[in-house]
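Below: the structure, in structure tokens.
Protein chains get the first letters and strands the later ones, always in sequence-line order, with residue 1 at the start of each.
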Amino acid sequence: MNAESNAPSTAPAPSDFIRDIVAQHVAEQRYAKIVTRFPPEPNGYLHIGHAKSICLNFGIARENNGQCNLRMDDTNPAKEDVEYVDSITADVRWLIAGWADHVLGLKPKGATPAKQEVAGREDYYLAPVPSSDLKSETSDRGASAAAEPFFASDYFDQLYAYALTLIRKGKAYVDDLSPEETDAYRGSPDKPGRESPWRNRSVEENLDLFQRMRAGEFPNGARSLRAKIDMASPNIWLRDPLLYRIRHTPHHQTGDKWCIYPLYDFAHCLSDYLEGITHSICTVEFEVHRPLYDWILENLDLPRALPRQYEFAKLIPSYMIVSKRRLIRLVDEKLVDGWDDPRLPTIAGLRRRGIPASALRRFVIGTGVTKYDSLTDIAVFEHAIREELNASAARRLAVLKPIKLVLTNLAPDETIECVATNNPQDPTPTTRPVALTREVFIESDDFAEVPPPKYFRLKPGGEVRLKYACIVKLDEIVKDASGAIVELRCTADLTTRSGQPNSDRKVKGTIHWVSATQSVPAEVRLYDRLFTVPEPGATDDFLQHVNPKSLEVVTARLESSLASATTADRFQFERLGYFALDEKDSAPGKPVFNRIITLKDTWAK
RNA sequence: UGCCUGGUGGUGUAAUGGUAGCACAGCAGAUUCUGACUCUGCUUGUCUAGGUUCGAGUCCUAGCCGGGCAGCCA
């Protein structure tokens, strides 16, 4: 079933302060096309917070027939790796697949900015191409063969030329101050900084020095290129910010071509410009950088329309850690099974957990876009997952912690074929056969020798319905010498089967079961929240709050039809929760299921 | 105590000078061959103080309380 078709038709089109701005620009016809971008640095895995940014940027592009470029913000080779380029690209494609992949802007493989004439002036421009226009006949996955993400490193030549322009205009200078001295000269938020003694070098000397920086004449940190703005500015980022630093480090995309690298503030605004970005959307910590973003663009006399930056507040879900530094600790200290551990809020982890992309999208879009620092209740996410899966997941019978139940009035080799509904939420539900035999397994939680009040399940002398089968009555509890329960002996009332005269007979409890002989064993991983407190990131000792019971592994018994499950399937194990095959550890004949999420349980209060 | 920015039920979000709405969570009930889903009902909110106005969550003033910013990280 197509997940998109399950979206309630009543869902209003998202609206927020950024979309309002875009809508106004569209009404004014300010831009020929709305172009946004998602610009991660390839130095780690994407997480649920990035998912919000992805959905915002791709969503705006999609709603306005525009485009959203995937761009690696790769200006710091020391921290980056192609491993992350690949994982980020895969994660983005997974998240937007079928929803916004037609607005995904990629570039023809190896493309770099080309000179163009704009408004009678020479300019560089790398026209963004939507992935739908990049399809090659050799690839049925769209652009994958012919195209790749944009990279800030694609623009290093052009960025260098822009830096030269700034120097020629007397707007940038080469500084000989060491990193420590630069820091001391900067002052503090409430005290102005001091001007560097090298601030007023001649254009010729700056040009010479900057070219020699590029040529590799100086060691790391010996010199830097700085914008000449205002050391007394109340905004720290306007106190002659660094534009280039020397780093004799090979780069994952450009190899050893460069030994100077632009910093974020210089590279980002110009990368946006070069791609024709109209709305550059980032998180609020960059708010204080916006004047610098504008300063660089405005001081270069660029001929085309300039991008503008807009900021929104990050998504922080409760019971989760989204700080990259802390995620690294969880992975490095082996508290989890790698970056795609199903308990992690990484996109790779959520995907491996079995969470549909549509549910992730529904959640992050549903939380809205504001500038307010909030903590979003994880229950909202859980609700979105259940809502998607309730509509689409096939129901199956599975017993997580089996206890044997013997139907004494059935013959040992007798099989009664029962009819089970695949999904009662379907307008015209389909069915499948399940086999009822003399020996079955039921959930150990569904039996209590000494039942608590209002216990609807199996108890001594009591009756329950085996779902899709019949009502059974508990006659005898068989124990071994140590007192452990070996089996429960029951009588089946076959007249209560579906289609039989007494099928309408009501009993309070209905429980799930599988045949002992016609079922398959499987490893099932029961995941729970990774942290025990709502805001594990609030304090430094977040590792104290790791939930020791975040993973329980059981050997379950599954109805035999589950033997042919694929990793694309999502199931509801009735009365238990939603499950999917683990894409990494499952093997043919040796299935491993992950619990995506439990069913809502108002009884387990 | 510099600059930027924000404050609406428990949580998140809407209302763009005119009935404070929606979702999640919670509670109560109905229904149920999933203690699910569904349905019904309920509880709970405009940071404070002044001002403008017929009318203020919204505009103005002052205050209070958050968040962000001092990497040659992004």
- Donor-acceptor pair (no angle test) under 3.5 Å: T496(A) side chain, C33(B) base: no
- Provide the distance between the two C1' atoms, one in A23(B) and one in G9(B), to the nearest whole Å. 13 Å
- Could you write nucleotides 36-48 of chain B as a row of B, S and -, 5' to 3', where a protein heavy atom under 4.0 Å of any base atom gives B, of only sugar-phosphate atoms gives S, and otherwise -? SS-----------
- Determine, using ring centers only, whether F156(A) and Y261(A) are less than 6.0 Å apart. yes
- Message: If only side-chain N and O atoms count, and only distance matters, is there a donor-acceptor pair under 3.5 Å linking T496(A) with N502(A)?
- Response: no
- Message: Using the side-chain heavy atoms of Y264(A), tell me which of these nucleotides is nearest: C33(B), A74(B), A25(B).
- Response: A74(B)
- Task: For D377(A) and for Y468(A), locate the closest nucleotide of RNA chain B by heavy-atom distance; then report the residue assigned to the nucleotide nearer the 5' terminus.
- Result: D377(A)
- Query: Whole Å only: how far is the CZ atom of R19(A) from the P atom of A14(B)?
  - Reply: 11 Å
- Are any of T421(A)'s side-chain N or O atoms less than 4.0 Å away from OP1 or OP2 of C33(B)? no
- Task: Would you please test Y293(A) and D272(A) for side-chain hydrogen bond (donor to acceptor under 3.5 Å, both in side chains) and show each step?
- Result: CA-CA 10 Å; Y293(A) 183 102; D272(A) 284 346; 2.7 Å; yes
- Query: Do the side-chain N or O atoms of R396(A) get closer than 4.0 angstrom to the phosphate oxygens (OP1, OP2) of U34(B)?
  - Reply: no
- Item | Nearest-Å distance once atom C1' is located in both G63(B) and G7(B) | 14 Å
- Y455(A) side chain: which of G35(B), U34(B), G6(B) is closest? G35(B)
- Sequence neighbours excluded, the answer for salt bridge (Lys or Arg N to Asp or Glu O under 4.0 Å) partners of R505(A) is E463(A), D493(A)
Atom pairs, protein N/O to nucleotides 7-9 of chain B N/O, distance under 3.5 Å:
none

- Message: My understanding is that only residues two or more places apart in sequence, or in another chain, count here; which of them pass salt bridge (Lys or Arg N to Asp or Glu O under 4.0 Å) with E217(A)?
- Response: R212(A)
- Item | Below 4.0 Å: OP1/OP2 of G35(B) and any side-chain N or O of R575(A) | yes
- Message: Whether R223(A) engages the ring of F218(A) as a cation-pi pair (distance to the six-membered ring centre under 6.0 angstrom, angle to the ring normal within 45°) should be assessed.
- Response: yes
- With sequence neighbours left out, write down each residue that passes salt bridge (Lys or Arg N to Asp or Glu O under 4.0 Å) with D294(A), or none if nothing qualifies. R308(A)
- For W295(A) and L238(A), indicate whether the former's side chain and the latter's backbone hold a donor-acceptor pair under 3.5 Å. no
- Message: With the threshold set at under 4.0 Å for non-hydrogen atoms, list the residues of residues 47-54 of chain A touching RNA chain B in residue-number order.
- Response: none
- Query: Which sits closer to the 5' end of RNA chain B, S374(A) or S178(A), going by the nucleotide each is nearest to?
  - Reply: S374(A)
Polar pairs (N or O, both sides) under 3.5 Å between protein and nucleotides 68-71 of chain B?
from   : atom 1 : to      : atom 2 : distance (Å)
C69(B) : O2'    : W237(A) : NE1    : 2.7
A70(B) : O2'    : R186(A) : NE     : 3.1
G71(B) : OP2    : D183(A) : OD1    : 2.6
G71(B) : OP2    : R186(A) : NH2    : 3.1

Interface polar pairs with nucleotides 18-20 of chain B, N/O, under 3.5 angstrom:
none

- Query: Going through the checks in order, is the side-chain hydrogen bond (donor to acceptor under 3.5 Å, both in side chains) test met by D240(A) and Y173(A)?
  - Reply: CA-CA 9 Å; D240(A) 288 10; Y173(A) 63 96; 2.7 Å; yes
- Query: Tell me, what's RNA chain B's dot-bracket, Watson-Crick or G-U with both distances under 3.5 Å, | for other-strand, [ ] crossing?
  - Reply: .((((((..((((....[..)))).(((((.......)))))....(((((..]....))))))))))).....
- Task: Measure the distance from CZ on F17(A) to P on U13(B) and round it to the nearest whole Å.
- Result: 11 Å
- R19(A) meets the salt bridge (Lys or Arg N to Asp or Glu O under 4.0 Å) criterion, sequence neighbours left out, with D16(A), E63(A)
- Message: Please confirm whether the shortest side-chain N or O distance from T370(A) to OP1 or OP2 of U13(B) is below 4.0 Å.
- Response: yes
- Note on the structure: Those residues at least two apart in sequence (or on a different chain) that pass side chain to side chain contact (heavy atoms under 4.5 Å, CB included) with L263(A) are L242(A), R245(A)
- Ignoring backbone atoms, establish whether R247(A) has a side-chain N or O less than 4.0 Å from OP1 or OP2 of C73(B). yes
- Task: Answer yes or no: is there a donor N or O on one side and an acceptor on the other, between the side chain of T283(A) and the main chain of K314(A), under 3.5 Å?
- Result: no
- Item | Nearest-angstrom distance, C1' atom, U8(B) to C47(B) | 10 Å
- Cation-pi, F441(A) ring and R557(A) (6.0 angstrom, 45 degrees): no
- Query: CZ of F312(A) versus C1' of U5(B): gap in Å, rounded?
  - Reply: 15 Å
- Set of ring pair (Phe, Tyr, Trp, His ring centres under 6.0 Å) partners for Y162(A), sequence neighbours left out: none
- Quick one: do S503(A) and R497(A) satisfy side-chain hydrogen bond (donor to acceptor under 3.5 Å, both in side chains)? Show the steps, please. CA-CA 5 Å; S503(A) 65; R497(A) 291 175 55 209; over 6 Å; no
